[in-house]
Amino acid sequence: MKILANDGISKSGVIALEDAGFEVITTKVAQEQVANYINTNDVAVLLVRSATKVRQDIIDACPGLKIIGRGGVGMDNIDVDYAREKGIHVINTPASSSDSVAELVFAHLFSGVRFLYDANRNMPLEGDTNFEGLKKAYANGIELRGKTLGIIGFGRIGRSVARVALGLGMRVIAADKFVGSAEIRVDFYNGQFINVDIVTEPLEDIFKHSDFITLHVPAQDGGYVIGKEQFEQLKDGVGIVNASRGGVIDEVALIDALDSGKVAFAGLDVFEDEPKPAIQVLMHPKVSLTPHIGAATLEAQDRIGTELAEQISSLLKTQNS
Ligand SMILES: O=C(O)[C@H](O)COP(=O)(O)O
């Protein structure tokens with residue numbers, strides 16, 4: 001049986017699938033050619049990350065498709081309900097990348113509070129004499145320790161972020177429509193651990209009390225989580241990180257808030273207009289950018305590949321038995 005991993009898959013995932021008897025194709029097929037390729041090559045399983053869109057047209061055109069697998073969390077690039085109505089299994093790997101996304105959040109936070117994004121761009125070329133001037137420009141860094149981190153969306157990724165924040169000595173507050181409270185276990189290198197209970201709070205309280213805000217919510221149908229009105233409720237000088245989905249923050253309002261100083265910096269891994277961020281976002285000196293790489297670590301992709309292989313083997317075994 002053939003599997004097309006159109007947005008790539010880790011080596012460990014390929015090995016696990018091949019050991020289970022599947023043929024894995026890792027050729028990148030252009031979006032418009034995916035349906036044709038699946039049919040011509042008798043592909044039974046289509047694996048994607050966020051790049052390939054699996055909409056109704058592909059689902060309708062590929063009656064032989066048995067499984068659509070999302071290597072990752074967000075399934076907004078797949079018409080999940082429609083595929084399931086057509087009898088196709090749709091799977092994802094919700095737990096595999098949480099720690100990687102959480103660590104990227106802190107990469108952006110540290111970058112923001114110590115101006116790394118801008119300092120990198122402005123380091124002197126040979127012959128430049130204004131080194132002291134540069135030192136002054138980046139002299140007003142702040143520490144994360146002791147500050148309040150507001151986590152919007154307290155699912156797996158939000159909780160991983162909380163674990164790191166607690167380890168750094170930050171105060172953590174969180175909001176989530178569906179989660180009332182969570183026990184966060186912080187593990188230390190020597191085997192010791194502590195448990196910390198966090199009770200979620202209304203969104204308005206997160207806006208009001210956070211020194212930094214990080215978002216971990218799915219793509220939204222009903223407007224921005226932080227738009228113009230919400231920016232006004234934030235503390236002056238707040239730092240914001242978004243490694244969830246573009247479209248949860250209003251980028252036009254964000255640029256205004258950065259220009260006015262309401263927001264001190266933003267770290268963005270996702271954009272309203274992905275893959276190409278708006279030019280105002282791209283060029284802004286207070287914005288630290290990454291190209292949607294929250295889950296892009298060797299460890300996360302290994303876990304994702306292996307988990308997909310397990311799920312596919314067990315689904316197809318059940319179906320064939
Ligand atoms: O939803 C996810 O898992 C992340 O956004 C990662 O997306 P990617 O697999 O395209 O990197």
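Whatever order the structure lists them in is the order used to number ligands and atoms, beginning at 1. Counting begins at 1 with the first residue of the sequence.
Within the structure, the closest approach of Met75 to ligand 1 does not fall below 4.0 Å when heavy atoms are considered. A heavy-atom separation below 4.0 Å is found between Gly71 and ligand 1.
Near Gly72, meaning under 4.0 Å from one of its heavy atoms, ligand 1 places the atoms 3 (O). Proximity to Arg245 (heavy-atom distance under 4.0 Å) selects the following atoms of ligand 1: 1 (O), 2 (C), 5 (O).
Side chain of Glu18 to backbone of Ile15: no donor-acceptor contact under 3.5 angstrom is found. In this structure a side-chain-to-backbone donor-acceptor pair under 3.5 Å is present from Thr200 to Val179.
The shortest contact between atom 2 (C) of ligand 1 and any protein heavy atom is with Arg70 NH2, 3.2 Å. Atom 5 (O) of ligand 1 has as its closest protein heavy atom His292 NE2, 2.6 Å. When only non-hydrogen protein atoms are considered, atom 3 (O) of ligand 1 lies nearest to Val73 N, 2.7 Å. In this structure, the protein non-hydrogen atom closest to atom 11 (O) of ligand 1 is Arg49 NH2, 2.9 Å.
At least one side-chain heavy atom of His108 sits less than 4.5 Å from a side-chain heavy atom of Leu104. In this structure, Lys53 and Ile58 have side chains that are not in contact, with every pair of non-hydrogen atoms separated by 4.5 Å or more.
Of the polar atoms of Ser50, at least one N or O is found under 3.5 Å from an N or O of ligand 1, judged by distance alone. Annotation: Ser97 places no N or O atom under 3.5 Å from an N or O atom of ligand 1; distance criterion only. In terms of polar-atom proximity, Ala51 is not counted as a contact of ligand 1, lacking any N or O under 3.5 Å from an N or O of the ligand. Checking only distances, Ser244 never comes within under 3.5 Å of ligand 1, N or O to N or O.
Of the candidates Gly74, Ser96, Pro94, Gly74 brings a heavy atom nearest to atom 1 (O) of ligand 1.
In plain terms, the two heavy atoms of Ile206 and Ser210 that are nearest each other are O-OG, 2.7 Å. In this structure, Phe271 and Glu251 approach most closely via the heavy-atom pair CA-OE2, 3.3 Å. Summarising the geometry of Asp176 relative to Phe154, their closest heavy-atom pair is OD2-N, 2.6 Å, with the distance given to 0.1 Å.
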Arg121/Asp118 under salt bridge (charged side-chain N to carboxylate O under 4.0 Å, His left out): CA gap, chis, key distance, verdict: CA-CA 5 Å; Arg121 292 173 191 152; Asp118 208 40; 3.7 Å; yes
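Between Glu232 and Lys228, at least one side-chain N (NZ, or NE/NH1/NH2) sits under 4.0 Å from a carboxylate O, which counts as a salt bridge.
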